[in-house]
Amino acid sequence: MIEFKNVSKFYGSFHVLQNIDLRIEEGEVVVIIGPSGSGKSTLLRCINRLEKISSGELYVNGTALHDKKIDINRFRREIGIVFQHFNLYPHKTVIDNIVLAPVKVLGLSKEEAAERATSYLSRVGIADKASSYPSQLSGGQQQRVAIARGLAMHPKIMLFDEPTSALDPEMIGEVLDVMRSLAYDGMTMVIVTHEMGFAREVADRVVFMDNGQIIEEGPAASFFDHPREERARTFLSRLI
Ligand code: ADP
Ligand code: MG
């Protein structure tokens with residue numbers, strides 16, 4: 001579903017991603033961890049082409065992203081992304097936030113899109129908030145709306161960039177619950193998070209980055225129990 005082959009990216013002369021090789025299969029849940037500034041967000045943003053790679057090859061959902069001639073809008077519809085800050089439209093109701101893209105981008109009728117939106121709002125447990133405005137919702141509820149909005153496009157891949165980092169502690173669980181259920185349903189997911197308990201439980205694989213490189217990757221249990229690399233051990237020991 002996703003394959004990085006010797007990918008590098010520069011911001012000016014700064015080598016932010018260095019020779020990345022990474023393969024993610026359909027239905028896999030991969031968690032990316034690492035210190036702040038290690039390139040996690042940049043790697044994630046390359047997957048839906050919010051950032052362009054500088055060299056190497058990157059294949060996502062059958063598209064060669066290093067190829068100049070891609071239809072970016074068509075490509076992006078099948079990839080949902082959820083950010084730390086929910087980026088909902090404040091002047092639109094919850095349901096209108098979700099209906100927007102399926103109508104505009106997929107060409108669904110308003111009724112079809114509303115039906116779809118309602119079903120995803122139920123799925124994330126907030127069907128009763130359809131007519132509310134984002135400001136009337138808690139952070140956890142807003143983030144669940146953002147996830148429902150992503151799902152309403154019927155994506156093949158969902159990307160999450162620290163989806164719980166801006167939330168009060170008591171709201172983190174409700175968002176992780178939604179993500180866990182997506183994972184169990186077989187969604188291909190790439191998740192940047194500092195929630196190590198969640199990573200250990202839900203991830204098929206953990207990727208540890210430092211200084212723009214993948215330092216270590218492996219099954220979650222073996223990574224957390226027996227990290228091979230010194231830098232990974234240091235990182236994990238500081239979290240406790
Ligand atoms: P992480 O998500 O792991 O914290 P990022 O991918 O956001 O790391 O950033 C990696 C490095 O690239 C950081 O040093 C950051 O300052 C730098 N960086 C990120 N975005 C840009 C940009 N648009 N221009 C220049 N440098 C950037
Ligand atoms: Mg980041």
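Counting starts at 1 for both ligands and their atoms, following the listed order. These values consider heavy atoms only, across backbone and side chains, with no hydrogens, waters or symmetry-generated copies. Along the sequence shown, residues are numbered consecutively beginning with 1.
- In this structure, atom 19 (C) of ligand 1 lies nearest to the protein heavy atom Y11 CE1, 3.4 Å.
- Within the 4.0 angstrom cut-off, atom 16 (O) of ligand 1 has no protein heavy-atom neighbours.
- One finds the NZ atom of K9 at 12.5 Å from the CD1 atom of I20 (value rounded to the nearest 0.5 Å).
- Residue contact annotation: S36 has a non-hydrogen atom under 4.0 Å from ligand 1.
- For the side chain to side chain contact (heavy atoms under 4.5 Å, CB included) test with E216, the passing option among R231, E230, E229, M209 is E229; the others fail.
- Among protein heavy atoms, the minimum distance from atom 8 (O) of ligand 1 is reached at G39 N, 3.2 Å.
- For ligand 1, the atoms lying closer than 4.0 Å to a non-hydrogen atom of F14 are 11 (C), 12 (O), 14 (O), 17 (C).
- Residue P35 has at least one heavy-atom neighbour below 4.0 Å for each of these atoms of ligand 1: 3 (O).
- Remark: minimum distance from atom 7 (O) of ligand 1 to any protein heavy atom is reached at S41 CB, 3.7 Å.
- Tested against Y120 for a side chain to side chain donor-acceptor pair (under 3.5 Å), the candidates R144, R149, H154 yield a single pass: H154.
- Ring geometry, Y59 versus H66: the interplanar angle exceeds 60°, so the pair is classed perpendicular (tilted spans 30 to 60°).
- Of the protein's heavy atoms, at least one falls inside 4.0 Å of atom 22 (C) of ligand 1.
- Heavy atoms of G212 stay at 4.0 angstrom or farther from ligand 1.
- Checking side-chain atoms of K92 against main-chain N and O of I98 turns up no donor-acceptor pair under 3.5 Å.
- S38 and D210 share no donor-acceptor pair across their side chains, judged by distance under 3.5 Å alone.
- Shown here are the protein N/O/S atoms lying under 2.8 Å from the Mg ion (ligand 2), water excluded: S41 OG.
- Atoms of ligand 1 lying under 4.0 Å from any heavy atom of T42, numbered from 1 in the order shown and given with element: 5 (P), 6 (O), 9 (O).
- When hydrogens are left out, the protein atom nearest atom 4 (O) of ligand 1 is G37 N, 2.7 Å; that is the closest non-hydrogen contact.
- Counted by atom type alone, E115 and T118 present zero donor-acceptor pairs between their side chains at under 3.5 Å.
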> So I24 and E3, side chain to side chain contact (heavy atoms under 4.5 Å, CB included) or not? Walk me through it.
Replying inline: CA-CA 6 Å; I24 298 174; E3 187 167 21; over 6 Å; no
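- A distance of 8.5 Å separates NE2 of H15 from CD of Q213, quoted to the nearest 0.5 Å.
- Using a 4.0 Å cut-off to heavy atoms of S38, the atoms of ligand 1 that qualify are 1 (P), 3 (O), 8 (O).
- A donor atom on one side chain and an acceptor atom on the other are not found under 3.5 Å apart for R228 and S222.
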>> Working note: Y11 + E51, criterion side chain to side chain contact (heavy atoms under 4.5 Å, CB included); need CA distance, chi angles, decisive distance, verdict.
In response: CA-CA 10 Å; Y11 288 124; E51 300 286 352; 3.4 Å; yes
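- Residue V16 touches ligand 1 through its side chain alone, judged by heavy-atom distances below 4.0 Å.
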>> Using side chain to side chain contact (heavy atoms under 4.5 Å, CB included), reason through L58 and K5 one step at a time and then give a plain yes or no.
In response: CA-CA 6 Å; L58 175 53; K5 282 184 170 175; over 6 Å; no
